[in-house]
Amino acid sequence: MTSETILNAVADPLILYGHTFSSRLLLGTSRYPSPSVLEAAVRKATPAMLTASLRRQNVSSPDTGNRFWEMLHALGVPVLPNTAGCHSVQEVITTAQMAREVFNTPWIKLELIGDDYTLQPDTLNLVDAASRLIKDGFQVLPYCTEDLVLCQRLVDVGCQAIMPWAAPIGTGKGPINAYALRTLRERLPLVPMLVDAGLGLPSHACQVMEWGFDGVLLNTAVALAQDPVRMAGAFASATQAGRDAYLAGTMTEQHAAQPSTPVLGTPFWHQP
């Protein structure tokens with residue numbers, strides 16, 4: 001990060017559940033070519049949090065798990081455990097409780113999958129899972145669709161932030177339902193929202209940040225890039241650029257060309 005970026009982040013922090021973060025980018029920790037590449041990407045992007053899954057990364061195993069946790073701990077970035085791979089509310093609860101013990105944190109990214117092909121969240125049971133986790137003392141960041149009613153229900157049961165997808169996990173398609181995402185942002189203006197899943201390009205991250213979203217979470221777009229470290233830096237810069245553009249206030253779109261330089265008062269202006 002440049003010194004200007006750091007100053008901007010300090011003056012305009014991301015606040016989730018009363019906690020302040022200097023970055024608005026969250027990174028996943030799977031599918032990187034090697035642990036060293038992951039480490040370099042994290043140091044390049046300086047994300048607010050790192051997501052990790054007990055079920056898919058086996059961080060609780062005595063061998064690989066301990067080494068993985070030691071590396072994350074050494075990076076000094078807060079860990080956001082997730083419940084990836086869970087297909088029932090009880091699986092979510094059990095996995096979240098295990099994650100709290102392993103990572104010693106009340107934070108949890110709630111993933112409850114309803115369809116294995118699209119990895120779409122189980123919207124019928126997501127609210128119940130979120131409610132039970134919150135009552136158990138978790139600070140829940142639910143992975144959800146852009147459905148306005150679903151997101152409102154999640155807020156109603158106590159979620160202080162939500163994480164709507166841009167597109168199915170790992171597709172890199174970017175925001176495929178811009179209207180719904182922008183409507184969601186407009187209708188729940190005070191709720192922190194981080195766009196999670198489906199972002200493939202730094203320009204995708206910049207775009208949703210320009211719409212007023214509070215942050216982005218991504219994994220595959222960085223981990224599977226030809227140069228993950230450089231791509232991590234690109235996403236960090238794009239996320240901040242989008243935030244700056246949103247705060248600056250974009251011009252109103254015009255339907256016809258408008259001269260950028262007025263002619264009134266211009267010396268030597270030729271009049272036909």
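Note that the structure is predicted; figures quoted are calculated from it, not measured.
Under a hydrophobic clustering in which Ile, Leu, Val, Met, Phe, Trp and Tyr are joined whenever their side-chain heavy atoms come within less than 4.5 Å, directly or via other members, L148 and M163 fall into the same cluster. Residues L75 and L217 are members of one and the same hydrophobic cluster, defined by side-chain heavy-atom contacts under 4.5 angstrom among Ile, Leu, Val, Met, Phe, Trp and Tyr. Both V77 and F21 belong to a common hydrophobic cluster when Ile, Leu, Val, Met, Phe, Trp and Tyr are linked at side-chain heavy-atom distances under 4.5 angstrom. One hydrophobic cluster holds both I108 and V155 under the rule that ILVMFWY side chains link at heavy-atom gaps under 4.5 Å. Following chains of ILVMFWY side-chain contacts shorter than 4.5 Å, one can reach M209 starting from V191, so the two form part of one hydrophobic cluster.
Among all heavy-atom pairs drawn from G158 and I134, the shortest one is C-CD1, 3.3 Å. Shown here for E210 and A245, the closest heavy-atom pair between the two residues is CG-CB, 3.9 Å. For the pair L25 and S23, the tightest heavy-atom approach, listed with the atom from each and the gap, is N-OG, 3.1 Å. For the pair D136 and R100, the tightest heavy-atom approach, listed with the atom from each and the gap, is O-NH1, 2.9 Å. Heavy-atom minimum distance, C144 versus I162: SG-CB, 4.4 Å. Nearest heavy-atom pair, V222 versus P228, reported as atom, atom and distance to 0.1 Å: O-CB, 3.2 Å.
Between R43 and E39, at least one side-chain nitrogen of the basic residue sits less than 4.0 Å from a carboxylate oxygen of the acidic one, meeting the salt-bridge criterion. Note on R153 versus D128: no salt bridge recorded, every NZ/NE/NH1/NH2 to OD/OE distance being 4.0 Å or above.
Put simply, the side chain of N219 reaches to within 4.5 Å of the side chain of S30, judged on heavy atoms. Under the 4.5 Å side-chain criterion, counting only non-hydrogen atoms from C-beta, M231 is in contact with P202. Counting heavy atoms from C-beta outward, P192 and I15 have side chains that stay 4.5 Å or more apart. No side-chain heavy atom of P81 sits under 4.5 Å from any side-chain heavy atom of V102. For the pair I93/L133, a side-chain contact is recorded, criterion being any heavy-atom separation below 4.5 Å from C-beta on.
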> Going through the checks in order, is the side-chain contact (heavy atoms from CB on, under 4.5 Å) test met by F138 and L110?
Replying inline: CA-CA 10 Å; F138 285 95; L110 167 58; over 6 Å; no
> Going through the distances and angles, do Q90 and T94 end up as a side-chain hydrogen bond (donor to acceptor under 3.5 Å, both in side chains)?
Replying inline: CA-CA 6 Å; Q90 190 53 56; T94 301; 3.3 Å; yes
> Please walk me through it: do H204 and V195 pass side-chain contact (heavy atoms from CB on, under 4.5 Å)?
Replying inline: CA-CA 10 Å; H204 294 157; V195 175; over 6 Å; no
>> Determine whether V92 and R132 satisfy the following criterion, side-chain contact (heavy atoms from CB on, under 4.5 Å), listing intermediate values before the conclusion.
In response: CA-CA 10 Å; V92 162; R132 291 175 60 179; over 6 Å; no
> Does the side-chain contact (heavy atoms from CB on, under 4.5 Å) test come out yes or no for Y32 and L27, once each step is laid out?
Replying inline: CA-CA 11 Å; Y32 286 82; L27 276 183; 4.2 Å; yes
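Between T29 atom OG1 and N82 atom CG the span is 8.0 Å, to the nearest 0.5 Å. Here I176 contributes atom CD1 and E146 contributes atom CD; the two are 7.0 Å apart, rounded to the nearest 0.5 Å. Here the CG-NE2 distance, from D115 to H87, works out to 8.5 Å after rounding to the nearest 0.5 Å. Between the CG atom of L194 and the OH atom of Y143 there is a distance of 14.5 Å, given to the nearest 0.5 Å. Between the CZ atom in F213 and the CD atom in Q207 there is a gap of 10.5 Å [rounded to 0.5 Å]. Rounding to the nearest 0.5 angstrom, the gap separating the CG atom in L141 from the CE atom in M49 is 6.5 Å.
No donor-acceptor distance shorter than 3.5 angstrom exists from the side chain of R243 to the backbone of C206, with no hydrogens or angles considered. Not a single donor-acceptor pair under 3.5 Å links the side chain of N125 to the backbone N or O of V89. Of the possible polar contacts, one joining the Y17 side chain to the V140 backbone as a donor-acceptor pair under 3.5 Å is found. Panel note: side chain D214, backbone M193; a donor-acceptor pair is recorded below 3.5 Å. When atom types are taken as modelled, the side chain of T239 and the backbone of F235 share a donor-acceptor pair closer than 3.5 angstrom. A distance-only check finds a donor-acceptor pair linking the side chain of T83 to the backbone of E111 [under 3.5 Å].
L26 pairs in a side chain to side chain contact (heavy atoms under 4.5 Å, CB included) with only one of the listed residues (L80, L218, V216), which is L80.
A 6.0 Å sphere centred on NE2 of H19 holds more than 12 heavy atoms belonging to other residues, nucleotides or ligands.
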